[in-house]
Colleague: 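Take this structure first; my questions come after.
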Amino acid sequence: METETTPTTADPVAGSWCDRCGGALAEGGHEACVAARRLEPPRFCPVCRRRMRVQVLPSGWTATCVAHGTTRG
Amino acid sequence: MSDILDRARSQVLDGGVGLDEAGVLDVLRLPDEQLPAALQLAHEVRMRWCGPEVEVEGIVSLKTGGCPEDCHFCSQSGVFASPVRSVWLDIPSLVEAARQTAKTGATEFCIVAAVRGPDERLMRQLREGVAAIRAEVDINIAASLGILTQAQVDELVELGIHRYNHNLETCRSYFPNVVTTHTWEERWETLRMVRASGMEVCCGGIIGLGETLEQRAEFAAQLAELDPHEVPLNFLNPRPGTPLGDRAPVAPRDALRAIAAFRLAMPRTILRYAGGREITLGDLGTRDGLLGGINAVIVGNYLTTLGRPASEDLALLEELKMPIKALSATL
Ligand code: SF4
């Protein structure tokens, strides 16, 4: 999915946390999350693991982390 | 052909009278090899009693998450450890969502809120939103705001809300297994008021909550008794953090049997593909449902999850030579 970001302090797409379940990417086991994300917006900020404020719209979504900005898809 | 399909051919296709609960159960129990015949018959029933047109709708969440109710399938309940956070949609974004929906050819735009029932803040946002959409977009506006008072029903009528969605979700006997913070009867009472007000009634539910086939048939019969203008048929999309988060999705053939059975119970209703079809049926199943009794789709994304791109559904409708219902035809 194509995304557009408006980062404040860091690139919110690159990070250490799974943006679906909020688990550590380093621990692995996120294949199901990756598959599910094709039909879901992100829920956790991949940089800081905060739950994001997500608005799904008919033709897209926005996900906002209070520290790391807004991602659009 | 099986006895039940023979009976359905004369009763439903020729006579326009839906199957009763026992008949629906017989369809739900048909062996796999009879499924194509059931879908074919459901398609003929749809074409005979509804016509070839497909009603296209877009939906948007005006207020997401933080709901005090405990519907066990719902990621927007604030009772469970779901990752969905509370968020309100601003009016310019609401208008833009309506505009994007209208561009697909959709005639319906449904504004949804995750609440037990609307409070004054939500009603104010709805009033502003409806006025702003009306000023810029030519589309029917529907709403889904939970349990209503009579005064709220009256206000929605005044606002010109075309159709009100309130799903019973599942049959009366299984409902307490899925929701404990309000009753099936409370939902039924809202539907009764909506019907009496003259708004169109939209009421469906979710297949795959753990109900038995008998309860699925009970649900179809209860919906047929309500006789809604529209029945949105969802298939459980298990959401992380909810009590049903680990439940397996419905098997594709069972989902298709349900589509055929619900069509044979309600020959004249708008039977809409709603959430969960992507994970339950995939692309091929979407086509099978449209050729098996479905005559309406939600295009684009849902409230908290994403759907197929609208362009794919529209291309499929074109390929199947199913025209999109025009706005004038719905007024
Ligand atoms: S009332 Fe609606 S939003 Fe609230 S938990 Fe139930 S289904 Fe979800």
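Chain naming here is simple, since letters A, B, ... match the order of the sequence lines and numbering starts at 1 in each.
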Colleague: Pick one of side chain, backbone, both or neither for B:Thr64, based on which atoms fall under 4.5 Å of a heavy atom in chain A.
Modeller: side chain
Colleague: Using non-hydrogen atoms and a 4.5 Å limit, figure out which bit of B:Ala310 sits close to chain A: side chain, backbone, both or neither.
Modeller: neither
Colleague: Which atoms of B:Ser311 come close to chain A, meaning under 4.5 Å heavy atom to heavy atom: side chain ones, backbone ones, both, or neither?
Modeller: neither
Colleague: Quick check against the 3.5 Å criterion: does A:Gln55 have a side-chain atom that pairs as donor or acceptor with the backbone of B:Thr304?
Modeller: no
Colleague: At a heavy-atom separation under 4.5 Å, does B:Leu89 approach chain A through its side chain, its backbone, both, or neither?
Modeller: both
Colleague: Taking atom CG of B:Leu303 and atom CG of A:Leu57, what is their separation to the nearest 0.5 Å?
Modeller: 11.0 Å
Colleague: OG of A:Ser59 to CZ of B:Arg99: how many Å apart, nearest 0.5 Å?
Modeller: 11.5 Å
Colleague: Is B:Ser61 close to chain A through its backbone or its side chain, or both, or neither, when contacts mean heavy atoms under 4.5 Å?
Modeller: both
Colleague: Please check if atom CZ in B:Arg85 has more than 12 non-hydrogen atoms from other residues, nucleotides or ligands closer than 6.0 Å.
Modeller: yes
Colleague: If you round to the nearest 0.5 Å, how far is OG of B:Ser86 from CZ of A:Arg51?
Modeller: 9.5 Å
Colleague: Which one, B:Pro240, B:Pro83, B:Gly300, B:Gly241, leads in non-hydrogen pairs under 4.5 Å with chain A?
Modeller: B:Pro83
Colleague: Got B:Val87 and A:Val54 here, is their nearest side-chain heavy-atom distance under 4.5 Å?
Modeller: no
Colleague: Take atom CD of B:Glu312 as the centre, draw a 6.0 Å sphere, and report whether it contains more than 12 heavy atoms from other residues, nucleotides or ligands.
Modeller: yes
Colleague: Do A:Pro58 and B:Asn301 have side-chain heavy atoms sitting under 4.5 Å apart?
Modeller: no
Colleague: Would a 4.5 Å heavy-atom cut-off, applied to side chains only, mark B:Leu306 and A:Trp61 as touching?
Modeller: yes
